[in-house]
There are 4 protein chains.
Amino acid sequence: MTMTKQQVVQAFRMQSIRDAASRVVSQHGVGGATIDAIAAEAGIAKGTIYLYFKSREELLESAADHAVTELMAQVAGVLESNEPFDVQLRRFFRTVLAYFDEHRDFFRLYQAACKEEECRSRRYTEYFKRIRAWVKRAMEADEVRRLDVDRVALVLSESLGAVIQRRQLDAPPPVDADTEWLASLFLDGLMPKKGKI
Amino acid sequence: MTMTKQQVVQAFRMQSIRDAASRVVSQHGVGGATIDAIAAEAGIAKGTIYLYFKSREELLESAADHAVTELMAQVAGVLESNEPFDVQLRRFFRTVLAYFDEHRDFFRLYQAACKEEECRSRRYTEYFKRIRAWVKRAMEADEVRRLDVDRVALVLSESLGAVIQRRQLDAPPPVDADTEWLASLFLDGLMPKKGKI
Amino acid sequence: MTMTKQQVVQAFRMQSIRDAASRVVSQHGVGGATIDAIAAEAGIAKGTIYLYFKSREELLESAADHAVTELMAQVAGVLESNEPFDVQLRRFFRTVLAYFDEHRDFFRLYQAACKEEECRSRRYTEYFKRIRAWVKRAMEADEVRRLDVDRVALVLSESLGAVIQRRQLDAPPPVDADTEWLASLFLDGLMPKKGKI
Amino acid sequence: MTMTKQQVVQAFRMQSIRDAASRVVSQHGVGGATIDAIAAEAGIAKGTIYLYFKSREELLESAADHAVTELMAQVAGVLESNEPFDVQLRRFFRTVLAYFDEHRDFFRLYQAACKEEECRSRRYTEYFKRIRAWVKRAMEADEVRRLDVDRVALVLSESLGAVIQRRQLDAPPPVDADTEWLASLFLDGLMPKKGKI
DNA sequence: CATGAATGAGGCTTCATTCAT
DNA sequence: TATGAATGAAGCCTCATTCAT
């Protein structure tokens, strides 16, 4: 795991370019994320980008990959803990919401870059699988009703995504508010709790 | 409201161009929806498009608007009926899923065209407002738990969108299956129904 | 063989672009024949070139092809006549030299474009085959000594090429002088004609 | 003429770079002979090349120059011997053909680098002058028919060049075969030897 | 001396838009 | 109205050259 100074510098540079790309995308959309704009944002020359990435496409893909990876690292601990599902669900929502409050760039980058073509690949798949596995475990432990695992995982993550995106407009409520609200909706549903005395 | 023959022809022509745009987008993505391709698909000359739409952007926006409008017309009846919420919710899901099963073109058009820039504007806002109003009414009638109306409407529509998108891959289950499943999730939540003797 | 007016215009435009390309190459070399320069020389916009040729490479190839074809048309009559070989040889040399005196652009275009890669293809091959066939016929008729047909054809055409190229520098002697000289060399060789009392 | 150790090292380094350039050109053409590729082939850093050559152009020119010089050194002995012209001609052809069989890299480098711009300069001129002088001497000694000296020298060297190039495709016949054949053509011409009793 | 990361001019190509017919 | 040839701005990418280490 020891890296030469070279490798450290290279890694650093690559990340700074990815960050610049992410920022540009978040401000101008994927279509507006030209190499010129990204280079300007990164404060380097156009050509320099090609020392680190083979093409614009590879750069955007890499930026998305890295963002998902970073998020995953933060989410992993939560999903693999031994707490009850409802506690985990709250922590999961809170973690992701907080991540995006700090990286509000990302969502659009990720979504837009991946809507077209077969993107959304590798990393996101891993991310999604992790959520799916977590839901599955909860179902098997009867902590959660048995429903289509894939669809539940999908709806959970996409609903979260939608809330995140919405938080990017106007002044969002505190993270905890959205967290609690989402958890409540998914745990108990929309129906009034008649039967719960 | 009577239209001259001229206006009828014009309206017809515009819609046929929008439809062509929609088809092209669904096949080649928004990036691949060049004016050339759209004109070819519509069987007209490139220049003709500019007789009806000011720019490519306006055309795509208009196409998305119209698609949402069409969907809205179908959804409106459901949301304004006097049935109980759970029945409405099922019909709502079913209607939208069915619409997209027949117009699977649209989703990508709509999503992609609108992620960038501040699209998603006008029409979608109306569509969303209608759902929001419906949810609000249900809450006020105590058919639904009182939660943040905006967020509930958001999560409902986005979850539906996610499922729709997922349905476009592989062989989707019947509309009714996804309908029932979504309804169950949102009505009763994820927790096992212990108390429901 | 009747062409629509469209086709005529298109053919004319294509040829004018080829001609511009040929001129630019002859002045600045193949490397200097940028799309910008060719468009400027043709008096049209850069993009227009792409309405008629798929890429720079295709344009240059096409230009070379057409030049060879034109030359071939002029040479064909000579080679297929029923005159004795020495007469034909003189007419052949004269025709090609004259062609290049009027199109002195071409040689460098052709040579340079084809040195790299496997160019020199199609058309030139045809041109060469014609010469080869002619030489072969002459040999079979015992008008010419039996030597390696391929090599003879090669040396004839390349020697001619060299002389053409040389003629492009300084003030060249009249076409007839070079014609006569070449014919004499190839017909009788370098040795003094001792035996020919 | 004694060189300091410095100068020796410098000369050696320059030649190794020229050789690398020559190899790269022979494999990828002049267009593909980027500074990057040449440096990699030479096993040195890009910047180092600029310590020894002012620019890419100067390097390629220098490489061509040196190759011609080397060839010239081998040809010189032949052309200045006191043997009869026909013997010399055969030895000349054989020497050049053999040189290129071992350095088939060179031809394309030389041709391509020099077609553009007014290359083909200095060294080649010397090389050519030497051949010209030799032919002239032979004419003055009545070993060769009196024809335009320049054109004869030109046709001799270019014909040889053409054969060399052709030898680079497919499996070439032995050097001696082409040597003999060329000599025969140029010595005696194409006409059947009727008069030779 | 040697290095190679950084630069940026310049090339190719696409495509939204215009306009003469 | 309809057409589609022409335009040219703008994007992506390459690579010769420089310069701080």
Side-chain angles (χ1 to χ4, degrees), chain A residues 5-6 9-10 13-14 17 31-40 42-60, chain B residues 6 9-10 13 17 31-40 42-60, chain C residues 5-6 9-10 13-14 17 31-40 42-60, chain D residues 6 9-10 13 17 31-40 42-60:
Chain A
K5 191 177 154 195
Q6 288 261 339
V9 170
Q10 165 142 341
R13 205 52 106 105
M14 289 181 80
I17 294 174
T34 67
I35 290 291
D36 266 334
I38 295 171
I44 59 177
K46 235 186 321 187
T48 305
I49 290 177
Y50 289 89
L51 295 178
Y52 296 97
F53 299 94
K54 229 173 17 225
S55 67
R56 175 181 177 276
E57 193 178 329
E58 193 189 278
L59 164 56
L60 291 184
Chain B
Q6 287 243 344
V9 170
Q10 165 142 341
R13 198 51 91 91
I17 294 174
T34 65
I35 290 290
D36 265 327
I38 294 170
I44 61 175
K46 234 185 330 185
T48 305
I49 289 178
Y50 286 88
L51 296 178
Y52 297 96
F53 299 93
K54 215 164 44 206
S55 69
R56 176 181 177 272
E57 192 178 330
E58 191 188 281
L59 164 57
L60 291 184
Chain C
K5 191 178 158 196
Q6 288 262 339
V9 170
Q10 165 142 341
R13 206 49 106 100
M14 288 182 81
I17 294 174
T34 66
I35 290 290
D36 266 331
I38 295 170
I44 59 176
K46 237 185 321 187
T48 305
I49 290 177
Y50 288 88
L51 295 178
Y52 296 96
F53 299 94
K54 226 172 20 221
S55 67
R56 175 182 178 274
E57 192 178 329
E58 193 188 280
L59 164 56
L60 291 184
Chain D
Q6 287 244 344
V9 170
Q10 165 141 344
R13 197 52 91 90
I17 293 173
T34 64
I35 291 289
D36 265 328
I38 295 171
I44 60 175
K46 234 187 327 189
T48 305
I49 289 178
Y50 287 88
L51 295 177
Y52 296 97
F53 300 93
K54 215 163 44 205
S55 69
R56 176 182 178 274
E57 190 177 333
E58 192 188 280
L59 164 56
L60 291 184

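Values reported hereafter were calculated over all heavy atoms of this structure, with side chains retained and with hydrogens, waters and symmetry mates removed. Numbered from 1 within each chain, the chains take letters A, B, ... in sequence-line order.
- Of the candidate nucleotides dA16(E), dA6(F), dG4(E), dG4(E) has the atom nearest to the side chain of Ala45(D).
- Comparing Ala33(A) and Gln10(B) against DNA chain F, the residue whose closest nucleotide sits nearer the 5' end is Gln10(B).
- One can place CD1 of Ile49(A) at 11 Å from C1' of dC13(F), the figure rounded to the nearest angstrom.
- Remark: Lys5(A) pairs with no residue by the salt bridge (Lys or Arg N to Asp or Glu O under 4.0 Å) rule, at least two apart or across chains.
- What separates CD1 of Ile38(D) from C1' of dT17(F) is a distance of 14 Å, to the nearest Å.
- Residue contacts for Thr48(C): at a heavy-atom cut-off of 4.0 Å it reaches a base atom on one of the strands shown.
- Side chain Lys46(D) to base dT17(F): a donor-acceptor pair is found below 3.5 Å.
- Atom CE in Met14(A) sits roughly 12 Å away from atom P in dA6(E) (whole-Å rounding).
- Comparing the local axis fitted to the first five base pairs of the helix from dA2(E)-dT21(F) to dT21(E)-dA2(F) with the one fitted to its last five gives a bend of 10°, rounded to 10°.
- Tyr50(A) is linked by a side-chain contact (heavy atoms from CB on, under 4.5 Å) to Ile35(A), counting only residues two or more places apart in sequence or in another chain.
- The side chain of Ile35(D) approaches dA16(F) more closely than any other nucleotide in the set dA16(F), dC12(F), dA6(E).
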Write out a two-atom table: protein N or O, nucleotide N or O from nucleotides 19-21 of chain F, distance below 3.5 Å.
none

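- Atom pair Leu59(D):CG and dC15(F):C1' shows a separation of 15 Å (rounding to whole Å applied).
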